[in-house]
Number of protein chains: 2
Amino acid sequence: MTEIAAITGSIARAARIIDVLTLAPDGLALNQIVERSEFSKTTAFRVLANMQDVGFVFQDPESRLYLLGHKLAQISQTAARSNIAGMAQRGMARLAALSEDTVFLSVPEGAAAICVARATGAYPIRTLTLNIGDRRPMGVGAGALALFCALGDEKRTAILAANRGWMAEYGITDADISAGFAAYQETGYAANIGRIVAGTSAVSVPVITARKRVVGALAIGAVDARMTFERTNETLIPALTQEATLLARRMDEMEQG
Amino acid sequence: MTEIAAITGSIARAARIIDVLTLAPDGLALNQIVERSEFSKTTAFRVLANMQDVGFVFQDPESRLYLLGHKLAQISQTAARSNIAGMAQRGMARLAALSEDTVFLSVPEGAAAICVARATGAYPIRTLTLNIGDRRPMGVGAGALALFCALGDEKRTAILAANRGWMAEYGITDADISAGFAAYQETGYAANIGRIVAGTSAVSVPVITARKRVVGALAIGAVDARMTFERTNETLIPALTQEATLLARRMDEMEQG
DNA sequence: ACCATTATTCCGTTTATCGGAACGATCTGT
DNA sequence: ACAGATCGTTCCGATAAACGGAATAATGGT
């Protein structure tokens with residue numbers, strides 16, 4: 001899961017404990033939290049007490065187990081932006097069932113693309129290129145490329161400038177991005193053929209709301225052999241497009257309500 | 001929105017700033033956050049910086065606006081329990097459209113019921129009895145009563161004992177709860193006729209997963225005049241029941257996946 | 001009723017947080 | 001393009017809070 005490098009500040013401690021609790025939907029005893037968070041018992045206890053006060057966590061008075069509290073639900077529900085993962089759930093499951101491959105949802109955050117959801121299909125060779133929480137420079141990888149391509153001219157150039165160094169870590173140059181963008185313009189989808197992880201490919205379409213906000217990108221990843229031209233064009237892209245449209249519509253509904 | 005009484009501890013400050021940001025999905029400048037949170041500029045800045053480190057908030061480098069970050073999305077997605085609000089969204093919208101009244105979703109937390117989602121219908125007289133985040137003793141109000149009634153015998157008596165004082169604040173006695181429970185047993189739904197807010201009524205059914213976990217309650221509230229016997233039995237309850245079943249199924253899917 | 005385990009409180013020390021002020025960047029109007 | 005104002009960020013000494021370890025209370029199992 002997400003690593004928090006240097007644990008400085010109470011908020012980082014709180015985040016770590018939330019991380020721990022996130023992995024245990026049925027609740028955790030204080031000792032288990034201490035163990036997994038590697039904090040002292042006192043620290044864990046105090047942080048938990050503070051978080052209880054604000055509703056981030058809740059302690060079942062009967063079992064004494066700590067659970068994530070209602071406040072987090074409230075937050076994630078109100079912030080439509082944060083909720084896209086929840087809203088995409090069903091659609092991604094459908095895509096995973098149809099394609100049998102792995103489906104990713106990435107969202108933009110500044111010049112980065114962050115994977116916020118993943119669904120895996122039945123095919124025995126799984127391509128788990130991205131984990132939930134992973135950050136990539138925009139443009140690097142199918143989903144990140146779809147996000148990039150969907151933006152306006154000025155934003156693209158600004159992002160390109162900001163990400164040059166970060167992109168280099170993945171061996172991606174401006175020319176690669178230009179080529180990817182040209183392909184996107186022509187075909188309407190973003191593709192990444194074995195460029196990040198050898199042997200795996202992915203295609204992606206952006207999710208764009210009625211107000212033209214680019215809120216995410218849906219991608220399907222698979223081993224190269226499964227990503228044929230026919231399958232991509234006749235099956236995967238139409239399905240992705242349909243789900244992206246549906247998801248965009250649901251995001252629109254949220255924004256007004 | 002939710003008030004945090006005494007602002008003690010960094011976590012409470014963080015929570016307050018998250019609250020502020022939650023109300024502004026499009027982001028907020030530091031000064032606006034300072035103003036609304038009533039913290040000093042330095043404090044707000046430092047807390048925001050800490051929260052950025054862990055991904056709770058994100059600052060758009062271009063506009064310098066602060067937004068809620070990807071980490072919260074991750075949390076709400078992984079914790080199925082926190083995600084029920086997101087998953088119920090569509091169903092609640094359907095119920096609101098059908099009934100034209102107000103639809104509430106409450107979840108259990110210990111001996112309390114917390115409203116985590118709300119959808120309003122087209123009818124001009126709106127009954128907004130509960131706001132998102134509101135807490136009620138279990139048994140007080142239609143949704144809270146549905147949650148209560150769906151539990152096992154031991155739990156019900158334990159909750160009743162724990163909540164006696166709190167219930168009294170709403171003018172509800174053990175006898176009221178018993179009557180409500182008897183009605184639930186007979187009809188299969190929980191009803192609250194003008195007991196909390198005079199002139200308004202509500203009916204509710206629990207949402208129960210395949211593993212018999214009571215994960216929430218869907219309720220419809222309206223002015224008394226609209227809550228006739230016929231409409232309740234022939235329209236509202238069937239619709240509520242159907243959506244509750246659907247929601248339970250989706251919760252089940254999450255638990256395994 | 002006892003013992004083992006776990007949760008919570010206490011306490012002296014340390015460290016992160018505090019607000020105000022200084023600094024630097026950005027925007028506005030002319 | 002420049003000056004003035006505004007906003008965001010960093011620096012500072014003082015303070016308060018968070019820290020870990022030990023003591024105490026509560027719980028569960030036998």
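Residue numbers begin at 1 in each chain, while the letters A, B, ... track the order of the sequences.
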No-hydrogen, no-angle side-chain donor-acceptor test under 3.5 Å, B:Asp19 and B:Thr22: no
Phosphate OP1/OP2 of C:dA16: any B:Asn50 side-chain N/O under 4.0 Å: no
Sugar-phosphate only, base, or nothing, as touched by A:Gln32 at under 4.0 Å among non-hydrogen atoms: nothing
Phosphate contact (D:dT9 OP1 or OP2) by B:Gln59 side-chain N/O below 4.0 Å: yes
Shortest side-chain distance from B:Ser10, nucleotide among D:dA18, D:dG8, C:dT8: D:dA18
Nucleotide D:dA23, atom P - distance to CZ of A:Phe45 in whole Å: 19 Å
From D:dT9, D:dG8, C:dT8, nucleotide with atom closest to A:Lys41 side chain: C:dT8
Separation of D:dA17 C1' from A:Asp53 CG (nearest whole Å): 15 Å
Whole-Å distance separating the CG atom of B:Leu48 from the P atom of C:dT17: 13 Å
Phosphate OP1/OP2 of C:dT6: any A:Arg64 side-chain N/O under 4.0 Å: no
Between C1' of C:dA16 and CZ of B:Arg13, the distance in whole Å: 12 Å
Sugar-phosphate only, base, or nothing, as touched by A:Ala49 at under 4.0 Å among non-hydrogen atoms: nothing
Gap between atom CG of B:Leu65 and atom CD of B:Gln32 - 0.5 Å precision: 6.5 Å
Under 4.0 angstrom between A:Asn31 side-chain N/O and C:dT5 OP1 or OP2: no
Separation of C:dT6 P from A:Leu28 CG (nearest whole Å): 13 Å
Rounded distance (nearest 0.5 Å) linking atom CE of A:Met92 with atom CG of A:Leu218: 6.5 Å
Given DNA chain D, 5'-ward residue of the pair A:Val47 and B:Tyr66, judged by closest heavy atom: B:Tyr66
Whole-Å distance separating the CD1 atom of B:Ile11 from the C1' atom of D:dA17: 12 Å
Residue mapping more 5' on DNA chain C - nearest nucleotide basis, B:Ala44 or A:Leu30: A:Leu30
Atom pair CZ/CG of A:Phe181 and A:Leu151 - distance to nearest 0.5 Å: 9.5 Å
Between C1' of D:dG8 and CG of B:Leu65, the distance in whole Å: 12 Å
Donor-acceptor pair, side chain of B:Gln59 and main chain of B:Arg64, under 3.5 angstrom: yes
Length of the line joining A:Glu35:CD and C:dA7:C1', which is rounded to integer Å: 16 Å
B:Thr42 side chain, from C-beta outward: closest of D:dT9, C:dA21, C:dT9: C:dA21
